[in-house]
Asks: 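I'd like to ask you about the structure that follows.
When reading the values below, keep in mind they use all heavy atoms of this one structure, side chains included, and skip hydrogens, waters and symmetry mates.
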Amino acid sequence: MKTAGDMFLFLIRVIRKTPRIDIFHFLAILGEIMIESLPVILIFGVSIGASIGLQFVISLKVVGAESMSPYFSGMAILREIGPMVAGSQVLIRSGTRIVSQIASMKDRGILTAIEVFPLDSFLFVVVPRFWAIVIATFLYLPIANAVCILSSAFLTANLFGVSWGEIWSGLEKSGDIIDILIGFLKCGIIGISNALFVTYYGWTAKEGAEGTSKAMQKAISYSVVYAIAINYSISLIFYE
């Protein structure tokens with residue numbers, strides 16, 4: 001309970017200091033996250049999309065309804081898979097780096113040195129990285145959705161002979177603007193959760209390599225668990 005309370009106060013502190021953020025520093029960090037996360041989003045999206053398409057088309061082929069697989073694949077990607085791909089890959093690629101970066105800055109006394117200038121180390125180090133993770137997760141959702149859907153459609157058409165007309169017809173029926181908006185809602189909440197764990201455990205890490213290692217372990221493991229819970233809970237609310 002103490003940790004939960006500390007994290008809540010940490011989040012309030014981030015929100016209170018957000019209006020004072022240096023926009024150019026924030027954009028530089030956001031650009032770095034976007035660039036380094038793009039390759040893993042593409043690779044992971046292609047793999048997951050192809051796997052989803054393969055499983056649906058094989059299952060539906062048993063009853064002679066493989067032409068329906070694009071509908072189910074599209075629905076699964078828009079409602080469940082896309083937000084998780086965007087959230088998890090930004091976390092794994094950039095989140096781990098940011099945890100170790102903040103913990104290392106603390107361990108080497110850089111955070112203390114920043115205060116000498118004088119600068120607010122929390123405002124300079126934590127706040128822009130927090131919001132950069134949130135915004136990057138949000139921005140990567142359309143890319144994750146598109147990559148997953150296209151890879152699924154390509155596999156369905158080229159390996160199982162489903163026509164492109166049937167594929168696009170199924171995809172068109174698989175979701176609407178509400179599903180897309182719910183996906184953005186999921187990404188926003190997952191992004192905030194990921195950013196909170198990453199920056200909090202980096203900021204509170206103990207000194208030394210062991211402290212950094214434990215901070216990374218806690219941040220990533222808790223982020224993944226909470227992301228799954230958030231994704232499921234929002235789906236339960238809107239799709240029950």
Side-chain angles (χ1 to χ4, degrees), residues 27 30-31 33-57 59-60 67-95 130-157 162-196 223-240:
L27 290 175
L30 176 60
I33 292 176
M34 295 293 290
I35 291 170
E36 70 182 1
S37 297
L38 181 59
V40 293
I41 291 281
L42 296 177
I43 294 170
F44 197 70
V46 168
S47 302
I48 291 295
S51 298
I52 292 293
L54 178 64
Q55 294 306 316
F56 275 119
V57 77
S59 300
L60 292 169
S67 62
M68 290 291 293
S69 64
Y71 168 77
F72 291 107
S73 297
M75 182 172 62
I77 290 167
L78 287 176
R79 294 185 177 186
E80 307 295 337
I81 305 302
M84 289 302 298
V85 170
S88 65
Q89 297 313 299
V90 170
L91 171 69
I92 291 171
R93 184 67 183 91
S94 299
F130 179 95
W131 290 114
I133 292 174
V134 176
I135 300 301
T137 304
F138 198 78
L139 293 177
Y140 265 127
L141 176 61
I143 297 175
N145 283 341
V147 170
C148 289
I149 288 173
L150 288 175
S151 64
S152 175
F154 183 83
L155 180 139
T156 304
V162 179
S163 71
W164 281 103
E166 291 176 316
I167 289 173
W168 295 126
S169 176
L171 290 175
E172 187 177 12
K173 298 173 183 176
S174 65
D176 53 25
I177 188 65
I178 299 299
D179 295 310
I180 295 173
L181 292 176
I182 292 172
F184 277 112
L185 174 64
K186 286 183 175 183
C187 269
I189 298 175
I190 289 172
I192 290 172
S193 174
N194 289 348
L196 180 59
S223 294
V224 170
V225 170
Y226 274 83
I228 294 171
I230 290 166
N231 192 47
Y232 174 76
S233 299
I234 294 177
S235 292
L236 197 63
I237 292 169
F238 287 98
Y239 297 122
E240 185 179 14

Asks: If every non-hydrogen atom of Gly53 is compared with every non-hydrogen atom of Leu155, which pair is closest and at what distance?
Replies: C-CD2, 4.2 Å
Asks: Checking the side chain of Tyr140 only, and the main-chain atoms of Leu38 only, is there a donor and an acceptor separated by less than 3.5 Å?
Replies: yes
Asks: Can you tell me how far the OG1 atom of Thr137 sits from the CD atom of Gln89, to the nearest 0.5 Å?
Replies: 11.0 Å
Asks: How about Tyr226: does its OH atom have over 12 heavy atoms from other parts shown lying under 6.0 Å from it?
Replies: no
Asks: Just wondering, do Ile41 and Val147 contact through their side chains at under 4.5 Å, heavy atoms?
Replies: no
Asks: Rounded to the nearest 0.5 Å, what separates atom CD1 in Ile81 from atom CD1 in Ile52?
Replies: 4.5 Å
Asks: Pro83 and Ile190: which non-hydrogen atoms are nearest, and at how many Å?
Replies: O-CD1, 4.4 Å
Asks: Taking atom CD of Glu36 as the centre, report whether more than 12 heavy atoms of other residues, nucleotides or ligands fall under 6.0 Å from it.
Replies: yes
Asks: Are the side chains of Ile178 and Phe238 in contact, using a 4.5 Å heavy-atom criterion?
Replies: no
Asks: Would you mind reporting whether Trp168 and Pro70 have side-chain heavy atoms less than 4.5 Å apart?
Replies: no
Asks: Calculate, to the nearest 0.5 Å, the distance between atoms CG and OG belonging to Leu54 and Ser151 respectively.
Replies: 11.0 Å
Asks: Within the side chain of Ser47, is there an N or O that forms a donor-acceptor pair under 3.5 Å with the backbone of Ile43?
Replies: yes
Asks: Looking at Met34, is its backbone amide N or carbonyl O close enough to the side chain of Ser37 to form a donor-acceptor pair, meaning the two atoms are under 3.5 Å apart?
Replies: no
Asks: Determine the minimum heavy-atom distance between Ser223 and Asn194, stating which atoms define it.
Replies: CB-OD1, 3.4 Å
Asks: Report the distance from atom OG of Ser69 to atom CD of Gln55, rounding to the nearest 0.5 Å.
Replies: 11.5 Å
Asks: Taking atom CG of Leu185 and atom CZ of Phe138, what is their separation to the nearest 0.5 Å?
Replies: 9.0 Å
Asks: Stepwise, does the side chain to side chain contact (heavy atoms under 4.5 Å, CB included) test hold for Ser88 with Phe44?
Replies: CA-CA 10 Å; Ser88 65; Phe44 197 70; 4.3 Å; yes
Asks: Please examine the side chains of Ile234 and Tyr239, heavy atoms only from C-beta on, and report whether any two atoms are closer than 4.5 Å.
Replies: no
Asks: Taking the side chain as every heavy atom from C-beta outward, state whether Ile149 and Ser73 have any atom pair closer than 4.5 Å.
Replies: no
Asks: To the nearest 0.5 Å, tell me how far Ile143 CD1 sits from Leu42 CG.
Replies: 7.5 Å
Asks: Would a distance-only check, ignoring hydrogens and angles, find a side-chain to backbone donor-acceptor pair under 3.5 Å from Asp176 to Asp179?
Replies: yes
Asks: Please report the closest heavy-atom contact between Glu80 and Met84, naming both atoms and the distance.
Replies: O-CG, 3.4 Å
Asks: Can you find a heavy atom in the side chain of Leu78 that is under 4.5 Å from one in the side chain of Ile182?
Replies: no
Asks: Measuring only between side-chain heavy atoms, which start at C-beta, is Lys186 closer than 4.5 Å to Ile230?
Replies: no
Asks: What closest approach, in Å, do Cys148 and Val85 show between heavy atoms, and which atom pair accounts for it?
Replies: SG-CG2, 4.2 Å
Asks: Do side-chain atoms of Arg79 reach the backbone of Ser235 as a donor and acceptor pair under 3.5 angstrom?
Replies: no
Asks: Give me the atom names and distance for the closest heavy-atom approach of Ala132 to Leu30.
Replies: O-CD1, 3.5 Å
Asks: Where the side chain of Ser174 meets the backbone of Leu171, is there a donor-acceptor pair that is under 3.5 Å apart?
Replies: yes
Asks: In the structure I gave you, are the side-chain heavy atoms of Ser152 and Phe56 within less than 4.5 Å of one another anywhere?
Replies: no
